[in-house]
Amino acid sequence: MKYRFTKAERLTLKREFERVFQEGKVFKDAKVVLYVVVNSLPHSRLGLVVSKKVGNAVRRNRAKRLLREVYRLNKHLLAVHVDIIAIPRQPFSSDLKRSDIEDGFKKLLIKINEVCAHEVYHH
RNA sequence: AGAGUAGACAAGGUGGUCGCCGGCUCUUUCCCUUCUUCGCGAAAGAGCGGGAGGAAAGUCCGAGCUCCACAGGACACAGUGCUCCGUAACGCGGAGUCCCGGAGACGGGAAGGAAAGUGCAACAGAAAAUAUACCGUCCCAUCUUUUCAUGGGAUAAGGGUGAAAUGGCGGGGUCAUUAUUGACUUAAUGCAAGAGCCCACCGCUCUGGUGGUGACAUCGGAGGCAUGGCAAACCCCACUGGGAGAAAGGUUAAAUAGGGAGGGAUGAAGUGGUCCGCUUCAGUAAUACCUCCGGGUGAACCGUUUGAUCUCGUUGGCAACAACGAGACUAGAUAAAUGACCAUCCACGACAGGACUCGGCUUAUUGUCUACUCAAAAU
RNA sequence: GCCCCCAUCGUCUAGCGGCCCAGGAUGCCAGGUUCUCAGCCUGGAGACAGGGGUUCAAAUCCCCUUGGGGGUA
């Protein structure tokens with residue numbers, strides 16, 4: 001089932017987060033910032049960082065759930081296996097719906113394909 | 001109807017598709033084992049049933065639990081402060097007392113002590129706690145007389161302020177002048193309308209009775225006002241409080257190479273206000289030992305969800321609550337789970353997300369219902 | 001999660017419960033000086049985070065919120 005999102009597909013350890021921040025490339029649009037680095041696993045992984053400036057606990061949970069859902073439904077677009085950290089930008093209203101961020105997220109994934117495929121070829 | 005007061009309850013529902021977390025059962029694969037089974041563990045799949053709150057919040061109190069003595073003594077420090085109950089405990093709750101606010105339903109109160117001591121009170125005012133000085137007024141003396149000045153004495157009706165001026169309020173009554181009388185009597189008139197004097201009442205102090213477990217209430221008697229205010233100023237009295245907090249603490253794994261500083265016959269740590277005491281470790285003179293700094297590892301599991309638990313009933317109690325009986329198991333994550341999309345109904349969905357667990361308080365906030373109150377204004 | 005601290009003009013700060021409708025510096029505005037600017041001189045505006053309570057009187061004392069900041073294996 002390609003729409004699943006299990007524990008193995010998440011970034012958990014502190015050192016994994018640090019590796020992505022130090023070595024990753026930055027992709028961003030108006031709603032979200034992505035740090036991306038190629039990994040050597042048979043799948044991609046997602047980590048989430050939500051600042052307290054986004055809002056209270058309910059708003060932060062809402063942001064994480066939306067980003068997780070968008071990733072789950074669109075990760076099949078990725079042609080390479082990468083580690084991604086997604087950070088919602090500050091004006092992240094709790095009234096946002098999935099469709100408001102999904103289009104931009106898809107475009108970012110396609111851009112990742114272009115850049116990272118080039119990188120893999122060079123290696 | 002409107003305005004208001006108190007209390008209770010609920011916290012979107014239903015269906016579909018995709019997904020998340022953990023529990024139980026089953027299947028497959030791997031690991032373990034000489035092999036099979038059993039057992040332990042890991043991954044994947046299927047089925048069944050479960051999955052945030054009334055405040056989960058603020059972290060303001062009180063406890064459980066864990067480690068350090070089963071938390072001990074003294075001082076210090078901090079907190080609480082009407083009464084009686086309730087409770088594991090509380091600064092919480094219930095029922096009352098008194099005071100304050102409101103028209104009322106009702107609401108609020110850190111509500112002990114100022115006759116142990118210290119301190120404070122700006123401005124104004126003669127004076128702010130000491131009771132008289134000061135100013136004013138009157139009399140006398142000194143100066144040739146008056147004014148002025150100085151000294152002495154008297155003052156029974158003066159001193160505008162201020163948050164507060166020696167308890168409050170009312171009545172009597174005096175004081176001056178004139179007349180009268182044996183007289184300190186009597187009368188009239190006057191205004192600054194009279195006190196620190198007398199009387200009555202209230203308050204206060206002391207005291208006795210009655211009611212109440214008690215705070216207190218109430219009915220008397222005596223005194224003749226002594227004891228002004230502020231203790232959310234220091235303080236006194238009574239009571240309470242040892243410290244640290246789940247990043248507590250425990251087990252396993254990994255890493256234990258070398259560097260710097262200090263220490264003494266008793267030392268160091270626990271102990272984080274100080275001292276004593278207690279416990280643990282090391283221990284008789286040095287390439288050792290102990291402590292600190294710095295460096296390394298910082299992963300997994302337990303703690304972690306059955307508890308002062310919840311629901312119903314009976315009994316006791318005004319109530320908070322307690323006792324007994326029956327039944328139920330009701331989140332357990334660890335970068336952190338409840339979501340997304342579609343349809344539909346309605347009141348069109350506010351505040352808001354567990355992180356060891358409870359009992360409260362406070363704050364944010366939507367709607368419904370019940371009971372009660374109503375002065376003024378409006379219909 | 002837990003434990004602490006702070007809040008005064010735009011900014012940095014003073015401030016014994018009463019001399020405080022809060023002082024100073026810097027910045028801002030206006031005027032003067034200068035041919036002009038800078039500098040200098042004079043004047044002005046501008047704040048006790050919010051809400052309750054204690055007190056005759058609160059920036060100050062007490063309580064509750066709000067908003068910042070820091071520490072913690």
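Residue numbers start from 1 in every chain, and the chains themselves are labelled A, B, ... in the order their sequence lines are given, proteins ahead of strands.
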Query raised in the report: In whole angstroms, how far is the P atom of B:C341 from the NZ atom of A:Lys97?
Result: 5 Å
Query raised in the report: Looking at A:Arg72 and A:Glu9, does any basic side-chain N land under 4.0 Å from a carboxylate oxygen?
Result: no
Query raised in the report: How close or far is atom P of B:U17 from atom CZ of A:Arg98, stated in whole angstroms?
Result: 17 Å
Query raised in the report: Between A:Asn56 and B:G353, is there a side-chain N or O to OP1/OP2 distance below 4.0 Å?
Result: yes
Query - Given RNA chain B, 5'-ward residue of the pair A:Glu69 and A:Ala57, judged by closest heavy atom - result: A:Glu69
Report task. Supply the atom-to-atom distance A:Glu102 CD to A:Asp100 CG, rounded to the nearest 0.5 angstrom. Result -> 10.0 Å
Report task. Please give the nucleotide sitting opposite B:A63 as a Watson-Crick or G-U wobble pair, both distances under 3.5 Å, or none. Result -> B:U357
Query raised in the report: If you find the nucleotide of RNA chain B closest to A:Leu48 and the one closest to A:Leu73, which residue's nucleotide is nearer the 5' end?
Result: A:Leu73
Requested in this report: Quick one: which residue pairs count as a ring pair (Phe, Tyr, Trp, His ring centres under 6.0 Å) with a foot in residues 29-66 of chain A, not counting sequence neighbours?
Outcome: A:Phe21-A:Tyr35
Query raised in the report: Rounding to the closest angstrom, what is the interatomic distance between B:G263 and B:A268 at atom C1'?
Result: 9 Å
Query raised in the report: Which nucleotide, in any strand shown, forms a Watson-Crick or G-U wobble pair with C:A45, with both distances under 3.5 Å?
Result: none
Report summary line: A:Arg59 CZ to B:G339 P, in whole Å, measures 17 Å
Query raised in the report: Just how far, in rounded Å, is C1' of B:C341 from CG of A:Leu66?
Result: 12 Å
Report summary line: Using a 4.5 Å side-chain heavy-atom cut-off and chaining through intermediate ILVMFWY residues, the residues clustered with A:Ile110 come out as none
Report summary line: When rounded to whole Å, the OH to C1' distance for the pair A:Tyr71 and B:C18 reads 17 Å
Query raised in the report: Out of A:Val36, A:Val38, A:Val20, A:Leu46, which one pairs with A:Asp83 under the side-chain contact (heavy atoms from CB on, under 4.5 Å) rule?
Result: A:Val20
Report task. In whole angstrom, give the distance that lies between atom CD of A:Glu102 and atom P of B:C18. Result -> 17 Å
**Report entry** Complementary nucleotide of B:C31, counting Watson-Crick and G-U pairs under 3.5 Å
**Finding:** none
Taking N or O atoms only and anything under 3.5 Å, show me the protein contacts with nucleotides 20-24 of chain B, one pair per line.
| residue | atom | partner | partner atom | Å |
| --- | --- | --- | --- | --- |
| B:C20 | OP1 | A:Arg4 | NE | 3.3 |
| B:C20 | OP1 | A:Arg4 | NH2 | 3.0 |
| B:C20 | OP2 | A:Arg4 | NH2 | 3.2 |
| B:C20 | O3' | A:Arg10 | NH2 | 3.3 |
| B:G22 | OP1 | A:Lys7 | NZ | 2.9 |

Report task. Apply side chain to side chain contact (heavy atoms under 4.5 Å, CB included) to A:Val49 and A:Phe17, showing your working. Result -> CA-CA 10 Å; A:Val49 174; A:Phe17 273 83; 3.8 Å; yes
Report summary line: By the Watson-Crick or G-U definition, both distances under 3.5 Å, B:C204 is matched with B:G223
Requested in this report: Determine which nucleotide pairs with B:C197, using a 3.5 Å limit on both distances of a Watson-Crick or G-U wobble pair.
Outcome: B:G172
**Report entry** Paired nucleotide for B:G136 [Watson-Crick or G-U wobble; both distances under 3.5 Å]
**Finding:** B:U155
Report summary line: If pairing means Watson-Crick or G-U wobble with both distances under 3.5 Å, then the partner of B:G267 is B:C281
Query raised in the report: For C:U66, what is the paired nucleotide under Watson-Crick or G-U wobble rules, both distances under 3.5 Å?
Result: C:A7
